[in-house]
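Contents: one structure, followed by commentary.
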Amino acid sequence: MSVSFQTNATVDTSGAPDQKPPSGKQSLAKADRRVLVSLLPYLWDFRWRVALAIGFLVMAKTANIGVPLLMKQIVDSLDKTTAVMAVPFMLLMAYGVLRLSSTLFAELRDIVFVKVTQRAMRNIALKVFHHLHALSLRFHLERQTGGVTRDIERGTRGISTLLSYMLFSVIPIILEITMVTVLLAFKFDWTFVVITLCAIVFYIVTTISITEWRTQHRRQMNEMDSKANTKAIDSLLNYETVKYFGNEAFEAGRYDKNLQKYEFAATKSETSLGILNAAQSVIIAMAVTALMWRASEGIVAQKLTLGDLVMVNALLIQLYIPLNFLGAMYREIRQALTDMEKMFRLLGENKEIQDKPGAKALVVNGASIKFEHVNFGYDPKRQILHDVSFEVPAGKTVAVVGSSGAGKSTISRLMFRFYDVGVGRAEIPAGKILIDGQDIRDVTQASVRASLGIVPQDTVLFNDTIRYNIAYGRPGASDSDIQDAARRAHVLEFIERLPDGWESMVGERGLKLSGGEKQRVAIARTLLKNPAIMIFDEATSALDSTTEKAIQAELREIAKDRTTLVIAHRLSTIIDADQILVLEGGRIIECGNFRELLELDGRFTQMWRLQQQERLQEERGGV
């Protein structure tokens, strides 16, 4: 059991209802068929390599079966009186060639097929990765990191396991059983064939029955592994919170509960493996003894030669050695199918937000924004926005203010199409969001997001260098453009003072930087993108007063002649806005510029007076 902590996303499948393993043999069989059908297109691209690998496989097995036949000829051709002088040299040479050929063709099979396996793993993992990014924000908010990452990891590893065992173990065993049976039927009497086939059938039935019983323990192991991994990642991502409350022992206890369940399932799994191995050994021993007895009787009756006995023994050894691993193979194949089924189920997750068929790119010409009677709710039972209508003319700045939970940040999420407008109830119209008169649901998501830039309140950075995080705003930007963006965001001097400068690592989610430093990096990143529409969601909330004033002046300069939507809590930062919307309970209750709203003496005025009182108290406290 292993735990990996390298991811940044917040997604999970372990607790989702749709992630429960299918129950019943029919459901499992259907799931297995779906997995195999889903895998076939990735193999079809390399069909000639697959065919060539199977050809090498047949040649390897043919050479393998030929070895016991030659051994019989060698033994029977030896002259008892002059064995040393009459060694059948050509037969021995042929024996050596066959031995070499069986190994050589097996290696050629591996060389030819390895690219098929690795490319299939790469293509499927890449497709799942793309699909996860295409899923809605709702999917990612409802899940945690550990489960999905483990599903993808096990699923891609399962592809290699499935292809390797199916092509290099199961098919060879079936081929070898067929060849040996035909050979026994041709060379010996029917009893040899009956004993061999009965033993094989009994062996396979016993193996599959016990392995199916073991699979439930293995599945429980996987589930506990994912849950333990999720708990560990969640705890480590919230390292500071754990320390604040001194809950290290509590977190260790939560983690250990899943480890205990994993231990229990793993113990049962290993115990059942011992039972399986013992049952297999009994069946093989009985079959080999029976066949050797029949061959010995044939020699006594002078119907068979000593070479026949050697051949039967060699054939059985070659046949039963791979069969010895049938339980492990079946278990690994079943597990690979289960792991792949969970990964392919991720591909089946519905893309809540999708481009319409034939959707064209957004054409930006001025970049005006218009909300027309927008209603929205994350859940049909709880509506967030109620009939919200407003317009941001091209090149103007509109600010949205209101208390926490009023729906301010929801507006920016809707603009980015993380969600589509609507409550999910037919009786409530969804409304429209337009950019330059184009409904954003009718154009491609990529073009909408390309025209938008945001500085979020909660800035999350990649665990990489400062240069990487700023350059992320426009991959491929020149060093001078990156430095100019950092200068305009008032973060350049800070970067140059760092020991490693631009190559300084920011840590997991940017935790090595202060809140203000992270926010300035986010501002620089958005400035580098240089979008047609700017959204500032509490863009300076983590800055000190001096830096805030400097950056506010820079943001005002950036906002000139650019469509800007500002979501603000501190009203002093939006004095120069062309229009201010006061949002309360998901409804616009007041609208106007700063002076007009103060003259209304309404909700905005109350908020302004309250903030002024708080500021005066802070100043007096500082004195």
Side-chain angles (χ1 to χ4, degrees), residues 1-23 125 128-129 132 135 137-158 161 214-273 331-332 334-336 338-343 345-346 349 458 460-464 505-513:
M1 175 176 168
S2 60
V3 179
S4 53
F5 308 110
Q6 69 275 19
T7 50
N8 288 327
T10 51
V11 289
D12 176 45
T13 59
S14 57
D18 60 338
Q19 293 297 319
K20 290 180 180 177
S23 59
V128 174
F129 184 78
L132 288 174
L135 295 176
L137 182 62
R138 193 189 312 275
F139 172 88
H140 293 280
L141 291 178
E142 288 176 354
R143 285 156 170 80
Q144 297 173 336
T145 307
V148 162
T149 57
R150 291 308 278 259
D151 286 344
I152 297 173
E153 178 189 341
R154 284 196 298 257
T156 51
R157 190 171 61 238
T161 302
R214 296 188 66 239
T215 300
Q216 58 184 322
H217 302 303
R218 181 74 184 204
R219 186 176 290 116
Q220 188 179 2
M221 285 170 58
N222 274 355
E223 185 180 348
M224 292 304 107
D225 185 24
S226 291
K227 285 186 176 180
N229 190 62
T230 298
K231 293 286 189 299
I233 288 176
D234 196 36
S235 178
L236 292 178
L237 288 178
N238 291 280
Y239 170 84
E240 291 186 36
T241 306
V242 174
K243 289 293 184 183
Y244 287 150
F245 294 93
N247 280 341
E248 294 91 342
F250 173 73
E251 290 297 324
R254 289 174 68 214
Y255 183 51
D256 189 46
K257 282 181 182 177
N258 289 295
L259 291 181
Q260 287 174 4
K261 293 177 182 177
Y262 177 89
E263 178 189 2
F264 179 75
T267 302
K268 280 203 166 187
S269 178
E270 292 303 314
T271 303
S272 60
L273 177 61
R331 184 186 71 244
E332 292 299 326
R334 287 289 305 114
Q335 185 57 41
T338 300
D339 292 341
M340 289 169 64
E341 194 265 335
K342 291 191 77 174
M343 183 177 68
R345 206 181 305 149
L346 286 174
E349 282 283 349
D458 182 19
V460 177
L461 303 180
F462 291 96
N463 189 7
D464 211 306
M505 299 294 291
V506 303
E508 189 84 37
R509 301 173 69 84
L511 291 178
K512 286 186 178 180
L513 304 182

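Just so you know, these numbers come straight off a predicted model, no measurement behind them.
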Of all heavy-atom pairs linking V506 and F462, the shortest is CG2-O, 2.9 Å

Shortest non-hydrogen pair, A228 vs Y255, comes out as O-CE1, 3.2 Å

I'd like to know if the side chain of T271 and the backbone of T267 have a donor-acceptor N/O pair within less than 3.5 Å.
yes

d(L461 CG, K512 NZ) to nearest 0.5 Å is 12.5 Å

Would you give the length of the straight line joining atom CD of E251 to atom NZ of K231, rounded to the nearest 0.5 angstrom?
9.5 Å

Taking only residues two or more places apart in sequence, or in another chain, which ones meet E248 in a side-chain contact (heavy atoms from CB on, under 4.5 Å)?
V242, K243

The salt bridge (charged side-chain N to carboxylate O under 4.0 Å, His left out) partners of E263 (sequence neighbours excluded) come to none

What residues form a side-chain hydrogen bond (donor to acceptor under 3.5 Å, both in side chains) with N238, not counting sequence neighbours?
D234

